[in-house]
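I have placed the structure first, in the form of structure tokens, so that the comments after it can refer back to it.
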Amino acid sequence: PTSMDDKKSFEAKGYQITPWTGWAITSLPYNFNNPTMGPVFAQLYARQAIQQSIDQNSLVKAIFNDTAVAGYGPIPQATKNDFVSSVQDANPYPFSTSAAAKLLTDHGWQRGPDGIMVCRDAGSAANQCGTGVPAGTTFTMAVLSQSGSPVTDNEMSALQSSLKDSGIGFTIKTAPVNTVLAQTPPCTPDQPICAWQLSYFGTAGSWYFSAYPTGDSLFQTGGGSNFGGYHNPEADKMIVAATQSTDKKAIQDYSALLAKDL
């Protein structure tokens, strides 16, 4: 992407600059089994607040020089296709740090002295932090991010800034991609390796699909690449339906559910 600054000089020498679109999604997996932040990640409102804090359009322009495409769900969106649902395509959680912050305060969180949200009202009621989230929990997430790319480093810094505006802390540690993958495996809360919270290995795209963008490896319970332990029985049913049905509505239903469930 950084080479796009020189686009005109390349074109002046007779070259054409043409996108080479990847049939892929880029994601930042949550570790739902992390003993500290897993219970927070399990709350849909928390994931919604995080998503609303990400200004994808600005990232596309300022960080990726228009070589990326904003994505809002589990199906690639850079290439027009019949698999993406209207829900995913419409972006169910548009960028708004004020809306994200309100979502958290409406669920029992309050800004601390440093501006980061702290759970003040523990419990499972609709206006409380949620099951398993104790009072005093600080909404600070740690990411282990792929190193070696200035674009990725800038992307992580931009995320850190916009998340802070919503009252969400975001600490960044970098490592080579093979190390990131080795240190962020599927795990159970009692395992020392389950200390990871967020993993980013998407500098060149997190997951490239075969022709049919099924989610059984990524998002089905027990899927081989379901790194964070995402578990949703409704999603499981839709994934099975999408892999067995010839009706494109099956995979569109899956697209819509995952876009909303984050």
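- Remark: Thr105 OG1 to His107 NE2 distance equals 9.5 Å, nearest 0.5 Å.
- If you take CD on Gln183 and OG on Ser199, they are separated by 9.5 Å, rounding to the nearest 0.5 Å.
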*So Thr214 and Thr243, side-chain hydrogen bond (donor to acceptor under 3.5 Å, both in side chains) or not? Walk me through it.*
CA-CA 7 Å; Thr214 176; Thr243 56; 5.4 Å; no
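- Atom OH of Tyr212 is surrounded by more than 12 heavy atoms from other residues, nucleotides or ligands within 6.0 Å.
- Between the OG1 atom in Thr140 and the NZ atom in Lys164 there is a gap of 10.5 Å [rounded to 0.5 Å].
- By the 4.5 Å heavy-atom criterion applied to side chains, Tyr72 and Gln56 are counted as neighbours.
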*Could you give me the CA-CA distance, side-chain angles and deciding distance for Gln128 and Asp121, then say whether side-chain hydrogen bond (donor to acceptor under 3.5 Å, both in side chains) is met?*
CA-CA 5 Å; Gln128 294 178 314; Asp121 193 358; 3.1 Å; yes
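- Using a 4.5 Å cut-off between side-chain heavy atoms of Ile, Leu, Val, Met, Phe, Trp and Tyr, with links allowed through other members, Phe227 and Leu198 fall into different hydrophobic clusters.
- Without hydrogens or angle criteria, Ser255 side chain to Ile251 main chain gives no donor-acceptor distance under 3.5 Å.
- For the pair Trp109 and Thr137, the minimum side-chain heavy-atom distance is below 4.5 Å.
- When ring centroids are compared, Phe83 and Tyr254 stay outside the 6.0 Å threshold.
- The line from CG of Leu28 to CG of Leu144 is 10.5 Å long, rounded to the nearest 0.5 Å.
- Judged by distance alone, with hydrogens and angles left aside, the side-chain atoms of Asn81 form a donor-acceptor pair with the main-chain N or O of Thr79 at under 3.5 Å.
- Using a 4.5 Å cut-off on side-chain heavy atoms (C-beta onward), Val40 and Tyr30 make no contact.
- Side-chain heavy atoms closer than 4.5 Å link hydrophobic residues (I, L, V, M, F, W, Y) into clusters, and following such links, even through other members, never connects Met141 to Val180.
- Both Val151 and Leu159 sit in one connected hydrophobic cluster of ILVMFWY residues. Membership requires side-chain heavy atoms under 4.5 Å apart, directly or through other members.
- To the nearest 0.5 angstrom, Ile17 atom CD1 is 9.5 Å from Asp6 atom CG.
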_Please determine whether side-chain hydrogen bond (donor to acceptor under 3.5 Å, both in side chains) holds for the pair Thr188 and Asp190, giving the CA-CA distance in whole Å, both sets of side-chain angles, and the decisive distance to 0.1 Å._
CA-CA 6 Å; Thr188 55; Asp190 58 323; 2.6 Å; yes
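- Side chains of Leu44 and Lys260 form no contact here, defined as non-hydrogen atoms less than 4.5 Å apart.
- Gln77 places no side-chain N or O within 3.5 Å of a backbone atom of Gly71 that could act as its donor or acceptor partner.
- Ring geometry for Phe41 against Phe32 counts as perpendicular: the plane angle is over 60°, on a 0 to 90° scale with 30° as the lower cut.
- With hydrogens and angles left out, the side-chain atoms of Gln146 and Thr203 include a donor and acceptor closer than 3.5 Å.
- Using a distance-only test at 3.5 Å, with no hydrogens or angles considered, no donor-acceptor pair links the side chain of Thr67 to the main chain of Pro1.
- Remark: the backbone N or O of Ser53 is paired with a side-chain donor or acceptor of Ser162 at under 3.5 angstrom.
- Evaluated for a side chain to side chain donor-acceptor pair (under 3.5 Å) with Tyr230, the options Thr221, Asp261, Asn33 yield exactly one hit, Asp261.
- The side-chain contact (heavy atoms from CB on, under 4.5 Å) with Ile168 is formed by just one residue from the set Thr138, Leu104, Ile116, Thr97; it is Leu104.
- Grouping the Ile, Leu, Val, Met, Phe, Trp and Tyr side chains by contacts below 4.5 angstrom, directly or via other members, places Phe201 apart from Val143.
- Under the 4.5 Å side-chain criterion, counting only non-hydrogen atoms from C-beta, Glu234 is in contact with Met238.
- Judged by distance alone, with hydrogens and angles left aside, the side-chain atoms of Asn34 form no donor-acceptor pair with the main-chain N or O of Pro189 at under 3.5 Å.
- Taking OG from Ser217 and CH2 from Trp207, the interatomic distance works out to 4.5 Å, rounded to the nearest 0.5 Å.
- The shortest distance between side-chain heavy atoms of Tyr200 and Thr26 falls below 4.5 Å.
- Counting heavy atoms from C-beta on, the side chains of Met4 and Phe64 never come closer than 4.5 Å.
- The shortest side-chain heavy-atom distance between Thr184 and Asn31 does not fall under the 4.5 Å cut-off.
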